[in-house]
Amino acid sequence: DAGVIQSPRHEVTEMGQEVTLRCKPISGHNSLFWYRQTMMRGLELLIYFNNNVPIDDSGMPEDRFSAKMPNASFSTLKIQPSEPRDSAVYFCASSPRDVSNQPQHFGDGTRLSIL
Amino acid sequence: ILNVEQSPQSLHVQEGDSTNFTCSFPSSNFYALHWYRWETAKSPEALFVMTLNGDEKKKGRISATLNTKEGYSYLYIKGSQPEDSATYLCASPRNNNAGNMLTFGGGTRLMVKP
């Protein structure tokens, strides 16, 4: 049974470039989450979708960040233009239903380095 | 914003020792408490989701208890093994209208020496 699939696993790019991170949630899961992990702030929720609709994007750091979920099996997180301070590990997670007693299933993450 | 705190931040134990650590959260408007295990260079993996006061859950040598009235949960590891070395995260939903939006604690990093 495939878990949450993220791509790419690693991305190194120069500042100013556009970066697109991709996520395929577990089939049948209707909630999807994007997180960012940094040494300073730990694991931060960026945005949360339910049934493909963005519910809360209050964690998105600034307008350079955007996320979409065009269908139930695909989501993207885009940074444009990228800056060195965006360097972090970005995780996508999904859960079966939008209720608080459902565990979240995490992908392997994308390690992003902006030079 | 919900305040979820974990202690200690890090813990070193010898193989075979039993250990425990704490997650504290606001006791008002409680919905659920999640525990995750996060090995270095991997992704967080769900251990337990607990919802009822007095809940106790067990998976192998790892168990957890929940006290919603006083706002804490303990995670216990019996007879620690080197493969238990990981960061253990707890998390709680922000509010009932937030569905499964979680606020994570800072984690307890456990290192088990052989």
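Both backbone and side-chain heavy atoms feed into the values below; hydrogens, waters and symmetry mates do not. Protein chains get the first letters and strands the later ones, always in sequence-line order, with residue 1 at the start of each. Quick caveat: nothing in here was measured; it's all calculated off a predicted structure.
Annotation: Glu14(A), atom CD; neighbour count of heavy atoms from other residues, nucleotides and ligands within 6.0 Å does not exceed 12. Within 6.0 Å of CZ on Arg61(B) lie more than 12 heavy atoms contributed by other residues, nucleotides or ligands. Within a 6.0 Å sphere centred on CG of Asn71(A), heavy atoms belonging to other residues, nucleotides or ligands number more than 12.
For residues 103-113 of chain A, the pairs satisfying salt bridge (charged side-chain N to carboxylate O under 4.0 Å, His left out) are Arg9(A)-Asp108(A), with sequence neighbours left out.
Annotation: maximal heavy-atom pairing with chain A below 4.5 Å, among Phe48(B), Trp38(B), Trp35(B), occurs at Trp38(B). Interface check for chain B: of the options Val4(A), Leu43(A), Val89(A), the most heavy-atom pairs under 4.5 Å are formed by Leu43(A).
A heavy-atom distance below 4.5 Å is found between the side chains of Met101(B) and Asp56(A). Considering only heavy atoms from C-beta on, Phe104(B) stays 4.5 Å or farther from Leu45(A) through its side chain. Proximity of Tyr35(A) to Pro44(B): side-chain heavy atoms (C-beta onward) are nowhere separated by under 4.5 Å.
Scanning both residues, Ser100(A) and Pro93(B), for their nearest heavy atoms gives CB-CG, 3.2 Å. Contact record, Gln102(A) with His34(B): O-CE1, 3.1 Å, taken as the closest heavy-atom pair.
Only the side chain of Leu89(B) comes within contact range of chain A, with heavy atoms under 4.5 Å apart. With a 4.5 Å cut-off on non-hydrogen atoms, Gln37(A) touches chain B through its side chain but not through its backbone.
A donor-acceptor contact shorter than 3.5 Å is absent between the side chain of His105(A) and the backbone of Ala46(B). Of the possible polar contacts, one joining the Tyr36(B) side chain to the Gln104(A) backbone as a donor-acceptor pair under 3.5 Å is found. With hydrogens and angles disregarded, a donor-acceptor distance shorter than 3.5 Å links the side chain of Ser43(B) to the backbone of Gly107(A).
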